[in-house]
Structures are given as C-alpha cells and as structure tokens.
Amino acid sequence: MTKTQIYKFGGASVKDAAAVKNLAKILRNRLRNNFVIVVSAMGKTTNHLETILSLKLKDQDYSVNSTILKAFHLDICKELFPAEHVIFPKIENYFILLHHELNNPISKDNYDEYYDRIIGFGELLSSRIVMEYLCFQDLLVLWQDARELICTDSDFRFAKVDWEKTRRNCQTQLKPKLEQFPVLTQGFIGSDPKGRPTTLGREGSDFTAAILAASLDAASVTIWKDVPGVLNADPKIFSDTVLFSELDYQQAAEMTFYGASVIHPKTIKPLANAGIPLFVKSFINPEEAGTKIHNLSKAGAAQTIVVKKDQILVSFKVTDFAFIEEKHIHLIYEQLQRLKLRVNMLQTSAITISIVIDSQLFKLEQLLAELKNDFEIRYNEGLELLTVLHADPAALAKLISDYEVLLEQSTRNTTQIVRRLK
Ligand SMILES: Nc1ncnc2c1ncn2[C@@H]1O[C@H](COP(=O)(O)OP(=O)(O)O)[C@@H](O)[C@H]1O
Ligand SMILES: N[C@@H](CC(=O)OP(=O)(O)O)C(=O)O
C-alpha cells in the first residue's frame, strides 16, 4: 500500500482565483489516492474575521466588513465557476451561518470560545471553494471536516491536541477514504470533547498537516509557500537571503521558536518524532527542490536572522529596596501562564525582571492589573525582537545601526536584541 503524502496550501497559495488555478495545476500530475490536501483561509481572511470580532466586541457595526469578506469570496468564485455552479448558494449558506453565530452575545469572558466558533469560517469557505474547483477540473477529491478528525482539549484559541483520539479518527475514518480518493480538509481547526469548535493557534495549518502526517504514518509533508523554501532571513525584510537546501529538524525548530513565520513552531516536533520529512516548496516555481527538513548528522552554522514584530518589553521592579528572588519570578510566571502569554526573552537584574512578550488584545492590561500591587511596572510597546543565530559581528552591528537597543542578550550561538527605530 502506498504511504500517504500531505500537501498544505496556506493563505498566500489560495489568495485569489489565479492562485487557486495554480494550486490545481500543481496537483494535476501529482494527485493520487492516499493524498491529503490541507488548506488555510484565503489571503488575509482570518485577519478580517478577527476585525469583525473586535468590532462585535466593541458593539460596533461590522456589516460593511462582512459584506466585503463575502464579496471577496464571491468574486473569486465568479472567476473560477460558471454562474449556475452550486458553489454560489453554498457561499451564501456559510455567510448565513456566520451571521447566525455573530448574533450570539459576546463578552471578554467568553471571547476565546466565541472566537473559535467564528474564526474557522475562513477555512470552511476556502476548503469548499478549492474542493469544488478541483472537482470542476476533473480532479476528484473528497471534502473532509477537520473538526471530525482533530480532537483537542477545550483551551479555546490555543487548543492542545488529543493525539490518541486524533490518531484513532485518522486511522478509522480517514484512511479508508484515502484508499479510494484524495481528501481535502481544513488546517487550523479542531473540536473539543463536547464537539465545540477549537483552533490550534494563529497560522496553525502547518501544524494540522503535521498532526495528520503523524496520525497517518505519512511518507512526507510538503508546505507550499510564496518563497523558494526556508531562507536564512525573511525576504520581505532582508535582501540577499540564502536558501537552505536542507535543514536538520532541530535547526528548523529553533528558527520557528524564535519567530521565523515560514513554518508554524509546533509543526516540526511531531514530524521529527516520527521521522517524516518536511518539504518547504515554492508554489510559484513548483519544480524547484525547495528545502528538505529531516534528520541530518551535522547541522550547519550559517548566520540566520529572525525578526519578531509587535513586541512589548515589560519591566517589573521590586519595591522596598528588596532584591529579586525566585518568588518574584514565580509570581510573574503564574500570571503569564494564566493569560497564556509566552515569554520570548527574559532578563533579571538585582531589582528588575524584564520580559518580552507578543502584543495581544487585553493581555497587557490584565497582566498589569494582576501584578501592580507587587511591582513597579513599566512597559514599551511597538518593539522588534531580533534573534541572530551564528552571528557575524560586522553584520550584527549593521542590523542595529539605525535602531535604539532596549535589551540585549547573547549566548554562544544566539544573540537577541530588543530594538526600535531611532
Ligand atoms: N526564514 C524564512 N524563510 C522564508 N520565508 C520566511 C522566513 N521568515 C519569514 N518568512 C516569511 O514567511 C512567509 C510565508 O509564510 P506564511 O505567510 O505563513 O505562508 P502561508 O500563510 O501562505 O502558509 C514568506 O512570505 C516570508 O515573508
Ligand atoms: N488561517 C489561519 C491558519 C493558518 O495557518 O493560516 P496560514 O497557513 O495562511 O498561515 C491564520 O491565518 O492564522
């Protein structure tokens, strides 16, 4: 029996009608049974849905935003299908369902659960359009609701996978279908034990591909991107980037940990554990080899740059002339854990603990409110966290020449700098 292959197409690879046509072209000579296609929401749909949610939360009118989102999907369909195609009433139906969900009351307390009920509509719309288009092009694929496969806990917006149940679903429900036809499903979404929709964290569709691969004992995963593969820096920020033809799992995991957004950070671990290779390939030049991530006996040491934007530096100063003790760190971490905030950088001095976190709606104000009686707190928003692996000193100096450095930390192979433009 042939082993399963998984292809994942993200927002950029389904951002408009031309992109969907290109996706079909990539699949034309590659599609077979035992083949899973995972798709994300089209273009920036998830961000648009987040905007609708934040308007709804503020009790503001979101009708224009939802009309624009619907027109965006319908316009794509008009370029892909004849006017009488079944996709048009299906899109109407999805938007009726979306409005129905949006009519439920929302508050800061139920925000995360509410978010997960709304945000997955992007993937549902996209997967339906792509599946119908492939079938319309005589590339027969089955549509599968990922929420029936990916079982998670109820930690809405950051749901953890129940690997055992997910594997069982994949083996008993998905595998028999795959023996007959290729299957197309959604990234990013799952469901909790009560059947409520959950999501795996923003940009989590790469992770879905890895979950399915591990649960199906797949041969490989390929994620199709708008870049030639994994480069030593984001080409949208830096010129003269270099392509890695191959990377060790460990190297790739480290890059994603520091914020290299080309791969979702959770993607590597399940693949590394199962020894399943991950290919990162260009949907613009699909014949090019891209990057292969697998077990390498010797990892390279090329300078690699990662920039994480929208960072907040928060400094907690102990009061009453005391020094920093473990209990202070414990106090802060307890709140960070409760708020599901990850520390991207930590530094302690005699009287201050400094942390760098991602900017997230409500989270900073909640953190400050919880800890304001224990510390004197100061913070700076709108910063960048620059991480350089195997830094070349001259290049590093150039990277900060136009910036004010607020915090700096170096280990043997890694330099981290919090910076803002002068
Ligand atoms: N080291 C890197 N190598 C390649 N691309 C990178 C790197 N770091 C960040 N990127 C960015 O990742 C983007 C692709 O990832 P992403 O936008 O999440 O794809 P999609 O949402 O289509 O799956 C690229 O357009 C590029 O700007
Ligand atoms: N659509 C979701 C999930 C995702 O993974 O998207 P992408 O593959 O475009 O990064 C998001 O934007 O968060």
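Remember, it's a predicted structure, so these values are computed and weren't measured experimentally. As the structure lists them, so they are numbered: ligands from 1, and atoms in each ligand from 1.
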Residue-ligand contact Gly122/ligand 2, heavy atom below 4.0 Å: no
Protein residue, atom and distance nearest to atom 13 (C) of ligand 1, heavy-atom basis: Asp226 OD1, 4.0 Å
Is_contact(atom 17 (O) of ligand 1), protein non-hydrogen, under 4.0 Å: no
Ser261, Gly187, Ser40: member with heavy atom nearest to atom 7 (P) of ligand 2: Ser40
Protein contact of atom 9 (O) of ligand 2 - nearest heavy atom, named by residue and atom, plus distance: Gly11 N, 2.8 Å
Leu407 to Leu313 - nearest heavy-atom pair and separation: CD2-CD1, 3.7 Å
Nearest neighbour in protein (non-hydrogen) for atom 12 (O) of ligand 1: Val262 CA, 3.6 Å
Distance flag, aromatic centroids of His85 and Phe136, threshold under 6.0 Å: yes
Leu231 and ligand 1 - part of the residue with a heavy-atom distance under 4.0 Å: both
Met255 touching ligand 1 at heavy-atom level, < 4.0 angstrom: yes
Lys NZ or Arg CZ of Arg32 over Phe181 ring: under 6.0 Å, within 45°: no
Phe188: numbered ligand 2 atoms lying under 4.0 Å from its heavy atoms: 2 (C), 3 (C)
Atoms of ligand 2 close to Gly204 [distance to a heavy atom under 4.0 angstrom, numbered from 1]: 3 (C), 4 (C), 5 (O)
Ring-ring centroid check Phe9 Phe283, cutoff 6.0 Å: no
Shortest protein heavy-atom distance from atom 4 (C) of ligand 1, along with the residue and atom involved: Gly229 O, 3.4 Å
Heavy-atom nearest option to atom 19 (O) of ligand 1, drawn from Lys44, Lys225, Lys8: Lys225
Part of Asp234 within contact of ligand 1 (heavy atoms, under 4.0 Å): both
Nearest protein heavy atom with distance in Å, relative to atom 21 (O) of ligand 1: Gly11 N, 3.7 Å
Distance-only donor-acceptor check, side chains Thr152 and Thr198, under 3.5 Å: yes
For Lys236, atoms of ligand 1 separated by under 4.0 Å from a heavy atom: 24 (C), 25 (O), 27 (O)
Options Lys15, Lys8, Glu123, ranked by nearest heavy atom to atom 2 (C) of ligand 2, top entry: Glu123
Shortest non-hydrogen contact between His390 and Ala301, atoms and distance: CB-O, 3.3 Å
Plane angle bin for Tyr7 and Phe35 - parallel if under 30°, tilted between 30 and 60°, otherwise perpendicular: perpendicular
Minimum-distance protein heavy atom relative to atom 12 (O) of ligand 2: Arg202 NH2, 2.9 Å
Sole residue of Val20, Ile129, Leu27 in side chain to side chain contact (heavy atoms under 4.5 Å, CB included) with Leu134: Leu27
CG/Asp240: more than 12 non-hydrogen atoms of other groups inside 6.0 Å: no
Asp358: which of Lys309, Lys363, Gln311 passes side-chain hydrogen bond (donor to acceptor under 3.5 Å, both in side chains): Gln311
Nearest-neighbour protein heavy atom for atom 22 (O) of ligand 1, which is reported as residue plus atom name and distance: Ala12 N, 3.1 Å
Flag for Thr387-Gln416: side-chain donor and acceptor within less than 3.5 Å: yes
Proximal candidate to atom 10 (O) of ligand 2 [heavy atom criterion; set Lys44, Glu203, Gln186]: Glu203
